[in-house]
Amino acid sequence: MLSKSAFFVFLFLLSHLTTFGQTENTDLIEQLVESMADDLTEDYDYMELTERWNYYLKHPIDLNKTSNEELSELRFLSPLQVAAIINHRKLAGPYLTVYELQAVDGLDVETVRLLLPFVRVEPSSNWNMPAKEFLSSGRHDLMFRYGRILEKQNGYAIKDLNRSRYLGSADRLFGRYRYTVPQKLQLSLNMKKDAGEQFFNGAQRLGFDFYSGSLYLQSVKRWKHVVIGDYSLQFGQGLALWTGVSFGKGALVQHVARQGIGLRPYTSANEFSFFRGISATYSVKKWSITPFISYKRLSATFVDSLAGKANYSAIIENGLHRTPNEVSNRHNLKQLLFGTNVQYQRNSLTIGGNVFYTKLSGIIRPRTLLYNQYAFAGNDLSNASIYYHTYIHNMYLFGEVAHSFGSGLAYTNGIISSLSHDLSLVLQYRDYQKNYHAFYNQGLSEGSRAVNEKGFYTGLIFQPNKKVLWVAYADAFKFPWIRYRVDAPSDGQDLFTQLTLTPNKKLRYLLRYRFRNKAENGDSIHPTAVLDRVRRQQIRAEAQYQVSSTIVFRNRFEYGFYKKAAHAEKGYLFYQDVIYKPQGMFSGNARIALFKTDGYNSRIYAFENDVLYASSFPFYSNKGIRYYLNLRCRIKRGMDFWCRYAASHYPTLQELGSGLDKIEGNRKSEIKMQLRFQF
């Protein structure tokens with residue numbers, strides 16, 4: 001177990017955390033991310049989303065000037081709620097105060113509470129002011145982050161030049177710069193070095209492994225958006241053209257309907273899901289057109305070169321260039337993409353279409369495995385899609401059909417309906433053919449991509465009063481063709497229900513149950529494909545109590561159960577959070593967690609507080625204790641410092657991880673520091 005001295009030091013810090021304050025809305029952002037992140041991976045990059053929320057916390061949306069598109073950027077509002085906010089303004093006149101949102105039909109108390117920090121009622125700046133005054137109204141935001149795992153991992157200890165190893169240091173570095181004139185202009189620059197990557201050496205002679213930047217202009221006469229550099233496109237239901245952040249199934253049941261926000265600057269650190277070039281949205285009356293062109297280098301697994309043409313087995317999307325093999329594949333494939341989006345909007349009806357072409361400098365030839373029979377192969381791809389969404393009385397209808405020329409189709413249609421003042425229904429059907437191809441495909445799906453899947457989703461939202469909220473969904477899906485580790489067509493179900501009780505402003509209780517049933521290859525050797533059912537169950541109970549205006553306690557207990565054929569695993573997680581948020585120079589939050597699972601299959605994920613714009617969503621597995629402490633110091637106006645220490649201790653293990661990430665011992669700890677200047 002953890003040494004007694006270290007354990008008591010931690011308890012001392014935990015009990016004395018009330019000496020610190022917290023001025024950021026970190027608890028609000030944590031609640032929003034966790035409600036959207038049930039199906040996302042441990043290393044998913046939330047920075048684009050958290051940065052957007054923090055931007056609107058500092059520059060709230062004007063309720064009297066906002067649009068459906070801008071409100072949709074908040075993500076936690078459903079399409080019906082967005083329409084209700086706009087329609088209230090049309091019917092009742094301009095908002096007099098943000099608290100008028102409580103009178104908007106369709107907004108529950110919890111949604112209003114989440115929304116209030118992001119909105120305002122007052123005028124904003126315009127392009128007509130003198131250039132000197134306009135530029136001086138902007139704000140600079142400069143941030144540096146450092147982090148590393150403190151224990152030595154195997155990949156850094158290997159000295160044999162003939163073996164795979166990490167070429168760089170264990171340090172993780174991130175730099176970020178923004179110059180922003182609210183609602184008008186933004187200049188962005190991101191720089192990132194992952195652990196194990198070189199820095200001003202080898203393949204990274206220019207310093208950071210990844211650079212990303214853009215210049216964004218907004219509302220320049222008929223040009224709604226103009227981006228030069230790295231940008232993101234989000235249209236329709238994500239079947240053909242969607243980069244940046246997106247979410248799947250979770251507690252926000254109505255969000256199975258994607259809300260595309262069109263063209264935006266790309267400000268995240270993901271090294272694949274963006275475009276690099278130039279794009280602009282031009283609007284004339286009810287029409288808008290968004291042409292785009294992108295040219296960037298990708299990393300791909302090189303196989304061989306025949307007749308002067310390079311062949312690759314797959315595109316690498318993780319952005320890691322640490323080992324000699326990863327470095328040899330770094331930026332070795334060029335991608336040219338160009339096309340246009342056209343959209344028509346009249347009253348509540350929106351219809352749009354995408355047409356674009358992708359050309360690669362090499363040829364993709366997937367490995368000759370049976371499940372790859374219908375995978376994309378070649379060096380070019382043409383895509384087109386048509387999408388729509390509209391409001392009819394208390395219903396929101398949405399859908400998209402997409403086609404990859406020369407191969408398959410994908411389509412989805414759905415409806416969100418307010419059956420009564422306190423009950424809403426969500427229905428969605430999807431059909432993605434096994435030979436449908438799209439490089440930037442993020443449609444709602446059970447798999448990692450919207451391909452080779454049919455499914456029907458139905459959800460309910462019931463709120464009989466301000467204190468009770470119940471949500472549930474059922475998703476039944478089929479995979480017509482075989483998949484990785486599933487050597488036959490298969491099907492499955494995903495069931496979810498959650499009850500939230502808010503007796504008063506200080507108390508919140510949550511109870512959740514989820515059941516998932518899918519097929520997977522059996523463990524026994526058999527001449528024909530034999531599939532076993534894999535069943536996962538999750539029970540979560542959570543309580544949050546606001547002790548005072550500055551102190552919040554949060555407890556969670558979660559139990560998980562896994563079963564495949566005769567093999568079964570179970571596990572549990574319990575944690576205690578303390579969050580303190582008064583005004584002051586210092587702030588902080590902390591957690592101590594106890595967990596025990598029978599193995600990796602019964603692992604449990606939980607969101608963790610982190611430094612500003614960073615995210616942590618690790619899994620808890622085996623038996624141990626985990627704790628972290630986040631501190632923030634406002635050194636002076638416009639200058640802030642964050643520090644995070646997190647550690648996990650596994651008393652029954654002698655080594656952690658595997659391969660190059662293996663650590664000798666039973667402890668893994670991490671430190672992270674961040675400095676931010678605003679002027």
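These figures come from a predicted structure and were not determined experimentally.
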Test of understanding: with side-chain contact (heavy atoms from CB on, under 4.5 Å), list the residues that count as partners of [X], not counting sequence neighbours.
X: Asn190; answer: Met47, Phe174, Arg176, Arg178, Ser212
X: Phe561; answer: Gln537, Tyr559, Lys563, Ala568, Lys570
X: Ser418; answer: Leu80, Asn394, Ser424
X: Trp287; answer: Val342, Tyr344

Partners passing side chain to side chain donor-acceptor pair (under 3.5 Å) against [X] (at least two apart in sequence or in another chain):
X: Glu520; answer: Arg485, Lys564
X: Gln237; answer: none
X: Lys518; answer: Glu446
X: Thr281; answer: Thr290

Per-pair distances, 0.1 Å, donor-acceptor, side chain in residues 355-366, under 3.5 Å, sequence neighbours excluded:
from: Tyr357; atom 1: OH; to: Asp380; atom 2: OD2; distance (Å): 3.2
from: Ser361; atom 1: OG; to: Lys334; atom 2: N; distance (Å): 2.9
from: Arg365; atom 1: NE; to: Asn311; atom 2: OD1; distance (Å): 2.6

Between Gln345 and Ser288, do the side chains contain a donor N or O and an acceptor N or O under 3.5 Å apart?
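Short answer, no.
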Tell me, please, which residues at least two apart from Tyr440 pass ring pair (Phe, Tyr, Trp, His ring centres under 6.0 Å).
Phe272, Phe275
Would you mind listing every salt bridge (charged side-chain N to carboxylate O under 4.0 Å, His left out) that reaches into residues 269-279, with sequence neighbours excluded?
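Found Lys192-Glu271, Asp230-Arg276.
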Salt bridge (charged side-chain N to carboxylate O under 4.0 Å, His left out) against Lys434, all qualifying residues, sequence neighbours excluded
none
